[in-house]
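These notes concern the structure reproduced below.
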Amino acid sequence: GLSCLAPCSGEGAESYSAGGFTWKPLTNGTWSVFTHWTNGLTPTSVATRILEFGGSGSSAYHATNNIANPFLLNKLLFSSTSTATNVIAGSPLQFHGSDGGIFKDGSGGSYIVSNSISLTSNIRFWGPATGGTVALASNISGAGALRKDGAWARRLQGSNTFSGPVTMDSPGGFLMYDSLLALGTNSLTVSNGTLTAASADLFQGSGGAYRTALVSGSGAVWTNGSGLTIGTNASVTVASNGWLASWLGVDARETVPCALTVTNGGQVLLTGNSFIGTGTSNNFALVTGAGSFWDGAGRLSDKNRAYMA
């Protein structure tokens, strides 16, 4: 396992210890079998538990939680350098502690976490890994927000209900989501790194609640090659050298004062034919401030009762 019990300093590195609860590489099986762990013990379900899953080479493994439902823990440590995608599966996981989450180390190595996940506080995805993807394939629930740091990719695939918000602050990193359901009902902030959707996306409020998105700061990009529509009860702000790159629709139907604001050097790059407004409702987009930029391929249509300042 890694060398430090708590975050430690030294050449700027941050690391943690699983206390010997490190999964033996290339072992397929269940967590309850003590010989599957390097310390020869079966881990118990406690809020401070840290588990490590490494790997190397080109072969994958499946490690299945059959100990507790849910299994309580503080962190998962992912330290693979493998070219394979390892799978964590089985009964649900419940993260605890203000420093809880998934810490990724190593030069690559991808993982699928197919367990459903519940939060008792905010959760963080971070670490010095220089590649690989961690996909959360099932649902995430509970009272907590999601934050992504680090130059690697996290993918949200479930229909999630966690209380949010979602924050992306990862120079060189990626946050991917398969549909708006993956963000739950939450607002979104991208201040570094790239946010990308897997398919055409309708960004709108849920259950009458409003949803906002902020893309701000040099290196912050929200991209969707299949298109983005800003829908009812939603607003997007692109500011301070942030980028929104997509074909774009603004169809908020008068539910917000201004559905899209591009300000203070924010930039919108249209990748295909786009529109503001519909034939039956007022829709607003505002481009203002020094350095703000709107350009790109495709045609922009100002449909009936649409306004752009």
Do the side chains of V262 and L286 get nearer than 4.5 Å, heavy atoms only?
no
For A220 and S216, work out which heavy atoms get closest and say how close.
CB-O, 3.5 Å
Supply the atom-to-atom distance D99 CG to S121 OG, rounded to the nearest 0.5 angstrom.
8.5 Å
Short side-chain to backbone donor-acceptor contact, S218 and N241, under 3.5 Å
no
Check the hydrophobic clustering (I, L, V, M, F, W, Y; side-chain heavy atoms under 4.5 Å; chains of links allowed) and say if I123 and L76 are grouped together.
yes
Working to the nearest 0.5 Å, report the span between OG of S246 and CG of L228.
5.0 Å
For residues W31 and H36, establish whether the separation of their ring centroids is below 6.0 Å.
no
For the pair S110 (side chain) and T85 (backbone), establish whether a donor and an acceptor sit closer than 3.5 Å, ignoring hydrogens and angles.
no
Locate the shortest heavy-atom distance separating F71 from P43; write the atom from each residue and the value.
CE1-O, 4.1 Å
Of the options L183, V236, I230, which is the one that meets R211 in a side chain to side chain contact (heavy atoms under 4.5 Å, CB included)?
L183
Given side-chain hydrogen bond (donor to acceptor under 3.5 Å, both in side chains), test S58 with T83 step by step and report yes or no.
CA-CA 5 Å; S58 58; T83 58; 4.9 Å; no
Do V238 and T263 touch side chain to side chain, with heavy atoms closer than 4.5 Å?
no
Ring centres under 6.0 Å, that's the criterion: do W243 and W222 meet it?
no
Considering non-hydrogen atoms only, spot the tightest contact between S292 and G265 and give its length.
OG-N, 3.2 Å
On a heavy-atom basis, the closest approach of A213 and F203 is CB-CZ, 3.6 Å
Is it true that N115 and N65 share a donor-acceptor pair across their side chains at a distance under 3.5 Å?
no
Assess, by modelled atom type and distance only, whether the side chains of T232 and T255 contain a donor and an acceptor separated by less than 3.5 Å.
no
Hey, does the side chain of N74 reach the backbone of H96 with a donor-acceptor pair shorter than 3.5 angstrom?
yes
Provide the closest heavy-atom pair for A234 versus Q204 in the form atom of the first, atom of the second, distance.
CB-CA, 3.6 Å
Does the side chain of L73 reach to within under 4.5 Å of the side chain of Q94, using non-hydrogen atoms?
no
CG/D149 to OG/S170 distance, rounded to the nearest 0.5 angstrom?
5.0 Å
Under 4.0 Å between a side-chain nitrogen and a carboxylate oxygen: does that hold for D178 and R155?
yes
In the structure I gave you, are the side-chain heavy atoms of L72 and R49 within less than 4.5 Å of one another anywhere?
no
Atom CZ of F162 and atom CG of N139: how far apart are they, to the nearest 0.5 Å?
11.0 Å
Would you kindly say whether T133 and R154 are connected by a side-chain donor-acceptor distance under 3.5 Å?
no
Show the numbers, then the answer: is there a side-chain contact (heavy atoms from CB on, under 4.5 Å) between S141 and S118?
CA-CA 5 Å; S141 62; S118 60; 3.8 Å; yes
Can you give me the closest heavy-atom contact between F103 and G127, atom names plus distance?
CE1-CA, 3.6 Å
In terms of hydrophobic clusters joined by side-chain contacts under 4.5 Å, are V256 and V250 together?
no
Has T42 got a side-chain atom pairing as donor or acceptor with S32's backbone, closer than 3.5 angstrom?
yes
Verify, without hydrogens or angle tests, whether T271 (side chain) and W247 (backbone) share a donor-acceptor contact under 3.5 angstrom.
yes
Between S163 and G144, is there a donor-acceptor pair closer than 3.5 Å when you use the side chain of the first and the backbone of the second?
yes
Under a 4.5 Å side-chain heavy-atom rule over Ile, Leu, Val, Met, Phe, Trp and Tyr, are V221 and L269 clustered together?
yes
Check: T38 side chain, G20 main-chain N or O, donor-acceptor pair, under 3.5 Å:
yes
Would you please test W23 and T27 for side-chain contact (heavy atoms from CB on, under 4.5 Å) and show each step?
CA-CA 8 Å; W23 190 257; T27 300; 3.7 Å; yes
Measuring only between side-chain heavy atoms, which start at C-beta, is L146 closer than 4.5 Å to T167?
no
Strictly distance-based, threshold 3.5 Å: is any side-chain N or O of K148 a donor or acceptor partner for the main-chain N or O of G150?
yes
Tell me yes or no: between the side chains of S240 and N264, is some donor less than 3.5 Å from an acceptor?
no
Cluster check Y61, I102: I/L/V/M/F/W/Y, side chain < 4.5 angstrom
yes
side-chain contact (heavy atoms from CB on, under 4.5 Å) assessment of N186 paired with L188:
CA-CA 7 Å; N186 302 296; L188 175 67; over 6 Å; no
Less than 4.5 Å apart, side chain to side chain, heavy atoms only: is that true for T130 and W152?
no
If hydrophobic residues (ILVMFWY) are linked whenever their side-chain heavy atoms come closer than 4.5 Å, directly or via other members, who joins V33 in its cluster?
none
Minimum side-chain heavy-atom gap I88-F53 below 4.5 Å:
yes
Short side-chain to backbone donor-acceptor contact, S17 and G19, under 3.5 Å
yes
When rounded to the nearest 0.5 angstrom, what distance separates OG in S79 from CG in L77?
7.0 Å
Could you tell me whether D169 and R147 make a salt bridge, using a distance below 4.0 angstrom between a side-chain N and a carboxylate O?
yes
What do the steps show when you test L175 against F125 for side-chain contact (heavy atoms from CB on, under 4.5 Å), and what is the final call?
CA-CA 10 Å; L175 172 60; F125 301 81; over 6 Å; no
ILVMFWY cluster, I112 and F174 together (side-chain gap under 4.5 Å)
no
Is it true that a side-chain atom of S82 and a backbone atom of G57 form a donor plus acceptor pair closer than 3.5 Å?
yes
Any chance you could measure D105, atom CG, to Y16, atom OH, to the nearest 0.5 Å?
11.0 Å
Can you check whether N86 reaches F78 side chain to side chain, under 4.5 Å on heavy atoms?
no
